[in-house]
Amino acid sequence: MPIPYKIKEIKPGKVKIYSEVFKYISVSDKAFENYFSTFKGVSKVISRKAAGLLTLYYNPNEFDLLGFYDFLNSNDREMILSLLSSNSNHTAEKEEERDIFSPTTWFKLNSLAFTTFLFRSVLPGGLFTAITLGLGSQIFLKGLRSVRKGKIDVHLLDSSAILLSSLQGNHLSSLLMTWLLSLGDVIQEKTEKKAHVEIEKLLNYKQDKAFVVVDENTVVEKPVTDVKKGDVIVVYDGQKITVDGVVIDGDALVNQASLTGESNPVHKKVGDAVYAGTFVEDGKLYIKTEKVGDETALAKIVRIIEEAANQPIQAQLKAEEMANKFVIPTFVLGGASYLLTRDINRLTSTLIIDYHTGIHVSTPLSIMSHMALAARHGILFKSGRHLELLHKVDTIVFDKTGTLTIGHPEVTEIITFGISEEEAIQIAASLEQRITHPVAKSIVSLAIKKGIDILPRKDSEYHIGMGIEGYINDTYYLLGSTRFMEKKKIKISKKIKEVVDQLHEKGESVLYLVKESKIIALLGISDPIKPESRDVINILHKMKREVILCTGDNEGAAEKVAKALGIKRFYARAFPDEKAKIIKKLKKEGRTVAFLGDGVNDAPALSVADVGVSIRSGADIAIEVADVVINNNLYHLVDAIKLSDEALKNVYQNFRINTVMNTVGLVGSVMGVFSPVVSTIINNGTSILMGLNAIKPLIKDYNHIFYSTKGGEKNG
């Protein structure tokens, strides 16, 4: 499927493209720029991955614009994934953007430099100038990069202020400015490391495994670390592809959202490349291993989440955009005050003031510290953007099985027609083996508990949200829902329908077991409601969030659960694609929608929701596609929402501090009231104050906001 994109601007010599896909992939802006710079006639490429924008400047006589459109329209996301597999450009960019000193070294050097002022009476002034200019080189380099990019930004303001202070002999002001800036960098570095440690702990919650083909009739499950290049693995519906390789047999729809951010599955067939960290949504693949290990199975996902965690949130982008608009007026005000008064101190003091630094430092700190706090309590936000979006959510759509219910459905009744109960369990469990859905797991568990052998299954096909078909001992069987029976045109007699209706009235779901087009058993499935579900729904209602139930279950079971939990609106018999359509419809109504689900069939809805939330015990694909992963206790959903509210409250509080303090500093500097030292303390001191306010979640007890610590955890 082609990369979805829009043309934002086009004129001779320039074309600007927007794609939502650009935002989520784990490659750097430099990688994009290097890649598209190879196109004939392209003179310059600017990538703004965080905004989803790619701009190409070209020679109209050499660049094939129509060919470029054909490239976008004909190349699917495999082009993006090929970029993913190469880190050389990312490394090159890191080298190019590397500062002269690390934040810690820069801070230590600045702190050490203060001791030289103890001997200022005996040391030459030129030495202090050299010291302050040397320490300011970290800022000068950033200012130089801004000039190269054609930007007039805060780095130029800072560079100008430090240079003027040093050359003018205001060494204390210059040193104080670089020291405060270095302190801000150290706080940011320490907070990001702490947040990444907490996030990585949650990312390692499962050890990847693979089904390795030994021979024609034998498949063995192994840890992915034991899989070697050349091994053939088989991946079934709903399972993670744990190696990079090539399809040698089978075909399937593969969800690559964990790598590309796209929810639409990609059709994979013989000869196609597949990647670790993606999932088979429908079908079965035999894959010859080319790359294996933690580097492919986990590291890419870690990089995506770490990079996404550092991306600016919408509130920050808007605030920084507004702050940057003050840069040129600040230069103008400083210049005008100097021309009128010929007071170089007034010019220096004015240039020291900026509205950008505090926002740029404190907002990521606030988001990262709240994400770290969430991770400490078992809640994983995969990006700051989704932390922000959860704050805006007004509608929460719940799946039923495994979310509002305990997720361990029980086979409560088995009604057979011409076979024994033991045989019904054996055939059903044999069909459901290796399927990750909770109902499938419960049937297999029942067989194991009763000591019933599970037979080999051949030529099976799993239909997400409906059922499974396959051969057991060369006999064709089906196991699935009423909808599956309708699809397969299985006739349901009046007698059997009456039994099914009775089971539905008791709130039980029903699976039909079919042998060669004849129904031979009915399995009644019930799934108890979680103890905390009703309380959580009540809390969400009090938080002004509408709650909707959306399940593939029958109307009777859906209505029973909805009524028990006080949910007014519900959808029953919703297929995976229908769940996604319901989410899209709610979004068109102007709602900000979160979807909570844990199964393979929930993946499409999780992908299209503004915020997809999954439970840690859910299917791998649901966990990877989701934007937020919570512990099995539903109180953690409330905790996640409260954390997002606290984070945005903290961010906007810092915005107000930044505006008030810097406005006071700017007015005082222009009027000549504040010296460069005082202006430095006001501006950079405000940034440090905002940074300390942003990391409160890491140094202050926030347990009072967590419902899961108020007795809820015992219900999990």
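In this model, a donor atom of one side chain and an acceptor atom of the other lie less than 3.5 Å apart for Tyr635 and Asp535.
Crowding of Tyr471 atom OH: a count of heavy atoms from other residues, nucleotides or ligands under 6.0 Å not exceeding 12. Heavy atoms from other residues, nucleotides or ligands lying under 6.0 Å from CD of Glu422 number 12 at most. Residue Lys515 places its NZ atom among 12 or fewer non-hydrogen atoms of other residues, nucleotides or ligands, all under 6.0 Å distant. Within 6.0 Å of NZ on Lys288 lie no more than 12 heavy atoms contributed by other residues, nucleotides or ligands.
No donor-acceptor distance shorter than 3.5 angstrom exists from the side chain of Thr416 to the backbone of Glu421, with no hydrogens or angles considered. Between the side chain of Ser430 and the backbone N or O of Pro456, no donor-acceptor pair lies under 3.5 Å. In this structure a side-chain-to-backbone donor-acceptor pair under 3.5 Å is missing from Thr551 to Ala558. Put simply, the side chain of His636 gets close to the backbone of His377: a donor and an acceptor are under 3.5 Å apart. No donor-acceptor distance shorter than 3.5 angstrom exists from the side chain of Arg591 to the backbone of Asp394, with no hydrogens or angles considered. For Glu532 (side chain) and Leu634 (main-chain N/O), a donor-acceptor pair under 3.5 Å exists by modelled atom type.
Side-chain contact between Val536 and Lys530 is absent, with no heavy atoms from C-beta onward closer than 4.5 Å. Side-chain contact between Leu431 and Ile443: absent, with no pair of heavy atoms (C-beta onward) separated by less than 4.5 Å. Within the 4.5 Å cutoff, the side chain of Val613 has no heavy atoms near those of the Ile396 side chain. A heavy-atom distance below 4.5 Å is not found between the side chains of Asp249 and Val232. Here the side chains of Val500 and Leu522 are in contact, with some heavy-atom distance below 4.5 Å. Proximity of Thr475 to Glu516: side-chain heavy atoms (C-beta onward) are separated by under 4.5 Å at one or more points. Between Ile233 and Lys222, every side-chain heavy-atom pair lies at or beyond the 4.5 Å cut-off. Counting heavy atoms from C-beta on, the side chains of Arg573 and Thr482 come closer than 4.5 Å.
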**Request:** Take Glu413 and Gln502, measure what side chain to side chain contact (heavy atoms under 4.5 Å, CB included) needs, and give me the verdict at the end.
**Result:** CA-CA 12 Å; Glu413 293 188 60; Gln502 290 171 10; over 6 Å; no

**Item:** Step-by-step side chain to side chain contact (heavy atoms under 4.5 Å, CB included) determination, Leu637 to Phe398
**Value:** CA-CA 11 Å; Leu637 175 63; Phe398 281 84; 3.5 Å; yes

**Request:** Go through the steps to decide whether Ile419 and Ile427 satisfy the test side chain to side chain contact (heavy atoms under 4.5 Å, CB included), and finish with yes or no.
**Result:** CA-CA 11 Å; Ile419 64 170; Ile427 298 301; 6.0 Å; no

**Prompt:** Are Val411 and Ile525 close enough, and set up right, to give a side chain to side chain contact (heavy atoms under 4.5 Å, CB included), and what steps lead you there?
**Reply:** CA-CA 5 Å; Val411 180; Ile525 311 290; 3.8 Å; yes

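Here the straight-line distance linking atom CD1 of Ile582 with atom CZ of Phe595 works out to 9.0 Å at 0.5 Å rounding. Taking NZ from Lys449 and OG from Ser442, the interatomic distance works out to 11.5 Å, rounded to the nearest 0.5 Å. The CD atom of Gln239 lies 12.0 Å from the NZ atom of Lys209; values are rounded to the nearest 0.5 Å.
Considering every non-hydrogen atom in both Arg457 and Ser460, the closest pair reads NE-OG, 3.2 Å. In this structure, Lys400 and Val561 approach most closely via the heavy-atom pair CD-CG2, 3.6 Å. Shortest non-hydrogen contact noted between Asp627 and Leu606 is OD2-O, 4.4 Å. Between Ala605 and Ile583, the shortest heavy-atom contact is CB-CG1, 4.2 Å. The minimum heavy-atom distance between Val247 and Lys268, with the atom names listed, is CG2-CB, 4.5 Å. For the residue pair Ile425 and Lys450, the shortest heavy atom distance occurs at CD1-CD, 3.7 Å.
Electrostatic pairing of Lys642 and Asp639 does not count as a salt bridge here, judged by no charged N lying under 4.0 Å from a carboxylate O. Electrostatic pairing of Arg483 and Glu578 counts as a salt bridge here, judged by a charged N lying under 4.0 Å from a carboxylate O. Salt-bridge formation is detected for the pair Asp399/Lys579: a Lys NZ or Arg NE/NH1/NH2 atom is positioned less than 4.0 Å from an Asp or Glu carboxylate oxygen.
Using a 30° and 60° split on the angle between ring planes, Tyr236 and Phe211 fall in the perpendicular class, above 60°.
Each of Val234, Val246, Val270 was evaluated against Tyr286; a single residue qualifies, Val234, per the side chain to side chain contact (heavy atoms under 4.5 Å, CB included) test.
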